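Below is one structure, written out as structure tokens, with a few remarks after it.
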Number of protein chains: 2
Amino acid sequence: MHSQNEENYLKAIFKLSAEGPAVSTSALARELDVQAASVTDMVKKLAAKELIQYEKYQGVLLTAKGRLVAVNIIRKHRIWEVFLVDKLGFGWSEVHDIAEQLEHIHSEQLIDRLDDFLDHPSFDPHGGPIPDREGRLPQRQAEPLSALPVGSKAIVAGVKDDDRELLEYLEQKGLLIGARLRVLEHLTFDDSLVLETPSGKWSVSRKVADNLLVRPPAVE
Amino acid sequence: MHSQNEENYLKAIFKLSAEGPAVSTSALARELDVQAASVTDMVKKLAAKELIQYEKYQGVLLTAKGRLVAVNIIRKHRIWEVFLVDKLGFGWSEVHDIAEQLEHIHSEQLIDRLDDFLDHPSFDPHGGPIPDREGRLPQRQAEPLSALPVGSKAIVAGVKDDDRELLEYLEQKGLLIGARLRVLEHLTFDDSLVLETPSGKWSVSRKVADNLLVRPPAVE
DNA sequence: TTTTAATTTTAGTCTTGTCTAAATTTATTT
DNA sequence: AAATAAATTTAGACAAGACTAAAATTAAAA
Ligand SMILES: [Mn+2]
Ligand SMILES: [Mn+2]
Ligand SMILES: [Mn+2]
Ligand SMILES: [Mn+2]
């Protein structure tokens with residue numbers, strides 16, 4: 001079995017791998033909130049266990065083995081989040097920190113039975129795709145809101161980062177999953193957008209628009 | 001917040017306190033499966049945090065603060081066991097090890113909501129009383145089967161230790177919680193008992209009889 | 001292409017929790 | 001009461017993970 005720490009490193013490497021193949025020491029240090037020197041120590045240990053490939057000064061890459069561990073943690077995290085929201089009545093902004101702990105419970109049986117109990121959800125409360133036991137992620141045709149041209153309509157499909165503050169902000173603006181919206185304006189000055197939402201017109205910053213994932217409406 | 005380790009030490013001290021006031025280093029070492037020297041180191045740290053009283057060579061005692069931590073862990077452990085059996089369909093012999101992990105999830109909210117979801121159970125699947133938020137244990141009029149005289153009838157109320165093997169053994173003999181039984185014979189030679197159970201007549205050892213808790217029938 | 005700056009690694013420590021072996025204290029026998 | 005045995009504590013080490021400060025490497029500027 002792997003330690004919680006190893007699991008957190010692998011998960012962070014997986015997450016940062018989305019931005020490009022090799023993950024740098026400093027990016028990992030930022031993500032995990034530790035010093036770069038600590039990361040260097042730790043990636044050596046992970047490489048010794050063949051969970052990542054590590055070349056001095058060149059950053060790290062997950063091996064197939066490491067990727068599977070990471071994706072399994074994400075699977076657990078997201079299934080637990082569904083449980084917390086659907087069964088225990090937590091709000092979508094309240095569950096991430098608890099799931100950060102629950103994702104490290106070691107029992108395949110437990111997560112399989114929980115998955116049954118929840119009727120095999122494909123997405124978590126933030127629109128995050130839930131991998132299956134083999135590590136396959138369901139596809140979703142979602143793109144960042146910031147990629148939409150002015151005038152287009154869309155439906156909220158998820159958020160990139162389940163940051164508590166962002167989630168509370170979106171909830172307060174009625175921008176929950178499934179909410180309809182339209183892009184009214186685009187200010188080139190700061191790349192902010194003006195949106196029409198169920199609860200009125202709102203201006204959102206570029207950063208928010210980058211983190212809000214949407215899909216085309218009507219299609220299905 | 002306390003570490004998982006501290007929590008496990010406090011829980012073990014609480015458990016062993018039932019046999020008498022002061023808990024010895026060696027008893028703790030046996031219970032936690034570590035060396036006595038490790039226990040000595042650890043109890044010094046717990047005493048420094050005022051979770052226990054420790055006097056060299058005299059064993060340890062929980063403080064009120066330490067007792068509350070211990071009882072809270074037991075509360076979580078047992079509520080999770082109810083969840084695993086009642087909602088996820090695990091057998092009573094399968095849940096202890098998973099609950100050993102789940103009991104260390106830190107979130108008062110989580111356990112309160114789970115308690116709601118389960119309709120505030122008073123006992124876990126092994127008959128273990130579930131403490132309330134203030135650490136009060138529900139009373140139960142249960143005694144070890146070994147205390148019963150020959151001829152008496154009783155109802156299974158729980159087990160002292162949720163040891164997997166014992167639980168599977170009892171399940172196989174139909175001695176689940178609520179099962180009716182009668183003491184047919186007592187062999188003074190080895191203190192074993194012969195029982196009449198729903199599934200027939202069985203002989204059980206003294207050790208099993210000590211660990212099987214029963215309550216009088218008919219009374220409510 | 002040097003010089004400077006940023007990133008990354010090494011070296012040396014620290015904390016938590018464990019271990020073994022040796023020393024000390026307490027309990028049990030003679 | 002002295003001798004022996006059992007329980008407990010100390011001393012010294014070790015592994016996992018973290019830190020700071022300094023050295024080495026790579027990247028960016030001049
Ligand atoms: Mn999350
Ligand atoms: Mn999520
Ligand atoms: Mn248990
Ligand atoms: Mn139990």
Side-chain angles (χ1 to χ4, degrees), chain A residues 1-17 19-62 66 69-70 73 100-101 103-104 106, chain B residues 1-17 19-62 66 69-70 73 100-101 103-104 106:
Chain A
M1 221 44 34
H2 308 102
S3 73
Q4 293 201 185
N5 228 62
E6 287 176 336
E7 292 179 345
N8 284 333
Y9 268 85
L10 294 171
K11 191 169 54 125
I13 294 166
F14 180 85
K15 182 180 172 187
L16 296 174
S17 295
E19 340 258 87
V23 176
S24 73
T25 301
S26 54
L28 264 177
R30 206 177 317 116
E31 175 73 20
L32 293 165
D33 203 27
V34 296
Q35 292 303 121
S38 309
V39 172
T40 302
D41 286 346
M42 193 66 189
V43 294
K44 283 186 204 164
K45 292 172 191 165
L46 292 172
K49 296 185 179 182
E50 297 185 300
L51 294 162
I52 62 176
Q53 277 179 260
Y54 167 57
E55 202 106 38
K56 260 191 190 183
Y57 294 103
Q58 301 310 128
V60 299
L61 269 180
L62 286 176
V69 174
I73 299 298
E100 286 289 309
Q101 298 176 61
E103 71 189 6
H104 301 292
H106 290 132
Chain B
M1 220 44 38
H2 307 102
S3 72
Q4 292 203 181
N5 229 63
E6 287 176 335
E7 292 179 345
N8 283 334
Y9 268 83
L10 295 171
K11 192 168 53 123
I13 294 166
F14 180 85
K15 182 179 173 187
L16 297 174
S17 295
E19 339 258 90
V23 176
S24 73
T25 301
S26 53
L28 265 176
R30 206 178 315 120
E31 176 73 21
L32 293 164
D33 203 27
V34 296
Q35 293 303 120
S38 310
V39 172
T40 301
D41 285 346
M42 194 64 188
V43 295
K44 283 186 203 164
K45 292 172 191 164
L46 292 172
K49 296 185 179 181
E50 298 184 301
L51 294 162
I52 62 176
Q53 277 180 261
Y54 168 58
E55 202 105 39
K56 258 191 190 180
Y57 295 102
Q58 304 310 127
V60 300
L61 270 180
L62 286 176
V69 174
I73 300 299
E100 285 290 309
Q101 298 177 62
E103 71 188 8
H104 300 291
H106 289 133

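So you know, we letter chains A, B, ... as the sequences are listed, proteins then strands, and number each from 1. Everything numeric in this text was worked out from a predicted model, so none of it was measured.
- Within 4.0 Å of A/S38, counting heavy atoms only, lies at least one base atom of the nucleic acid.
- Residue A/T25 places at least one side-chain N or O closer than 4.0 Å to OP1 or OP2 of C/dT9.
- For A/S24, no side-chain nitrogen or oxygen approaches OP1 or OP2 of C/dT7 to under 4.0 Å.
- When the C1' atom of D/dC14 is taken as reference, atom CG of B/D41 falls 13 Å away, rounded to whole Å.
- Residue A/N8 places no side-chain N or O under 4.0 Å from the OP1 or OP2 atom of D/dG17.
- For the pair A/Q58 CD and C/dT8 C1', the computed distance is 10 Å after rounding to whole Å.
- Heavy atoms only, all atoms of each residue included: B/A47 and B/Y54 are closest at CB-CB, 3.9 Å.
- For the pair B/Y54 OH and C/dT25 C1', the computed distance is 11 Å after rounding to whole Å.
- Distances shown here put a side-chain N or O of B/S26 below 4.0 Å from the OP1 or OP2 atom of D/dT8.
- Atom P of nucleotide D/dA16 and atom NE2 of A/H2 are separated by 13 Å, given to the nearest angstrom.
- Comparing B/A37 and A/T40 by the nucleotide of DNA chain C that holds the closest heavy atom to each, the one mapping nearer the 5' end is A/T40.
- Rounded to whole Å, atom C1' of D/dG17 lies 13 Å from atom NZ of A/K44.
- Here the P atom of nucleotide D/dG17 and the CG atom of A/L46 are 9 Å apart, to the nearest Å.
- Residues A/F14 and A/A70 come closest through the heavy atom pair CB-CB, 3.8 Å.
- Within 4.0 Å of B/N5, counting heavy atoms only, lie sugar-phosphate atoms of the nucleic acid but no base atom.
- A salt bridge between B/E31 and B/K11 is absent, with no side-chain N of the basic residue lying under 4.0 Å from a carboxylate O of the acidic one.
- In this model, the phosphate group of D/dA18 is approached by a side-chain N or O of A/Y9 to a distance below 4.0 Å at OP1 or OP2.
- OP1 or OP2 of C/dG17 lies within a sub-4.0 Å distance of a side-chain N or O belonging to B/S3.
- In this structure the side chain of A/H2 reaches within 4.5 angstrom of the side chain of A/L51, judged on heavy atoms.
- Counting all heavy atoms, side chain and backbone alike, A/E6 lies closest to A/M42 at CG-CE, 3.7 Å.
- Here B/Y57 does not reach the OP1 or OP2 of C/dA23: none of its side-chain N or O atoms lies under 4.0 Å away.
- Nucleotide C/dT16 holds its P atom 9 Å from the CE atom of B/M42, rounded to whole Å.
- Distances were taken from every side-chain heavy atom of A/K45 (C-beta onward) to each of C/dT18, D/dA16, D/dT20; the shortest belongs to D/dA16.
- B/L32 has its CG atom 15 Å from the C1' atom of C/dC19, to the nearest Å.
- For the residue pair B/A12 and B/L28, the shortest heavy atom distance occurs at CB-CD2, 3.7 Å.
- At D/dT10, one or more side-chain N or O atoms of B/K56 fall inside 4.0 Å of OP1 or OP2 (strictly under the cut-off).
- Along DNA chain D, the nucleotide nearest to B/G59 and the one nearest to A/E6 differ in position, and the one closer to the 5' end is contacted by B/G59.
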